[in-house]
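Here is the structure we will look at.
Starting from 1, each residue takes its place in the sequence as its number. One-based numbering, in listed order, for ligands and for the atoms of each.
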Amino acid sequence: MGTNPNSLESLVVQADHFIDPRTGGVVPPLQPSTTFARDSNYELIGGLRYSRYGNPTCIQAESLLAKLEGGAEARVFGSGLAACASLLETLKTGDRIVAPQVMYHGLQDWMRRLAKERGINLAFFDQSDPAALAAAVAPGATLVWIESPVNPTWDVIDIAAAADAAHRAGAILCVDSTVAPPVTTRPLELGADIVFHSASKYLNGHGDVLAGVLVTRVADARWKEIGLVRGLMGGVLGAFEAWLLIRGLRTLFLRFERASDNALRIARHFECHPGVDSVLYPGLESHPGHTIAKRQMTNGFGGMLSLCVRGGEAEAQKAASSLKLFLAAASLGGVESLVEHRASVEGPHSVVPKNLLRFSIGIERVEDLIADLEQALAKLG
Ligand SMILES: *Cc1c(COP(=O)(O)O)cnc(C)c1O
């Protein structure tokens, strides 16, 4: 249909060159029906029966996401964590998960709960040490979970090396690539078995949809079980949210590229600033993960960066509350720039430095963002 298979960007902009065969409409339609009729032979007309098992709008989103990640199939869920929970539900007593010490804290809580309640073994590795993962993946591991770049230090984990280590031990590798969407990183091409996104972040990109997605390299028995679990637990994405997600996806490349450009400009501007101890951003040569990042983030280092403010917690809090353009709010990957004091959000067990401010850089004018940060740091005197 005229789609250049080499250009993911054109594919996603046109929602896979969509044209409604009945009307000629160029926007994928929203089909909200929860139930689907049978014909006079009592056969399902479109193969669908009830929307907890999938609906046409979700299927359109899944088709687009599978192509974007270069996977066999994709499944969308009502949130990122619902997607993770469905994957983890396929683990059995005695199975072993290997995961980073620092990772999305909600999912780590869920893994700890599974370990406690279900007799699943759980081993954590130091994600800042490139040799630690291979050492932690002892034979007998079932699932190696990684996240890259890692929130909020943006340590970069080598996906190809992780896939190697996982496969040698007989495990599968699942990559949380929420912070590095397929604009810049395609984990399945680097050897991962499943890629996960909180689609609430960059994929939708407008802070108005809660969604999760899993994309698999092969539709194997585990993948089928994930589908079964989604249908039985009811974790499927709603049709309207799937429709919004498709709309958001159409501008994914533009948004991500602009956010990456803005973040790199900000990182460079504040790298040697007197009010800042360090800037953590994988796009900076000074970042310990820069070499791997250059290899596996091929089209921008993303919009996530952290500033360690000179001083301690009080100075970081003061700088954050002096910002006028950045919004003090959780989440990431939207068009608007956000700031968060992670240590406060994560609570007493947090290992995040107290002077660290996490920024989700949006697509505003970068001069405005830099000026806002300058005036906030100037308040520290
Ligand atoms: C937000 C987020 C999640 C959880 O996704 P939800 O959509 O909030 O359920 C998981 N991993 C990362 C890296 C995230 O940023």
Original post:
Would Glu271 and Ser278 satisfy side chain to side chain donor-acceptor pair (under 3.5 Å), going step by step from the backbone distance to the final call?
Top reply: CA-CA 6 Å; Glu271 201 177 4; Ser278 57; over 6 Å; no
**OP:** For Lys116, look at atom NZ and say whether over 12 heavy atoms of other residues, nucleotides or ligands are found less than 6.0 Å away.
**Re:** no
Original post:
Does any pair with a residue in residues 33-54 pass salt bridge (Lys or Arg N to Asp or Glu O under 4.0 Å), and if so which ones, sequence neighbours excluded?
Top reply: none
Subject >> Atom pair CD/CG of Glu340 and Leu356 - distance to nearest 0.5 Å >> reply: 10.5 Å
Original post:
If you draw the axis of the six-membered ring of Tyr202, does the NZ or CZ of Arg255 fall within 45° of it and under 6.0 Å from the ring centre?
Top reply: no
Subject >> NZ/NE/NH1/NH2 to OD/OE distance under 4.0 Å, Glu69 and Arg217 >> reply: no
Tabulating one pair per line, provide the atom names and distances (0.1 Å) for every N/O atom of ligand 1 that is less than 3.5 Å from a protein N/O atom.
| from | atom 1 | to | atom 2 | distance (Å) |
| --- | --- | --- | --- | --- |
| ligand 1 | 5 (O) | Ser198 | OG | 3.1 |
| ligand 1 | 7 (O) | Gly80 | N | 2.9 |
| ligand 1 | 7 (O) | Ser198 | OG | 2.8 |
| ligand 1 | 7 (O) | Ser200 | OG | 2.7 |
| ligand 1 | 9 (O) | Gly80 | N | 3.0 |
| ligand 1 | 9 (O) | Leu81 | N | 2.8 |
| ligand 1 | 11 (N) | Asp176 | OD2 | 2.7 |
| ligand 1 | 15 (O) | Lys201 | NZ | 2.7 |

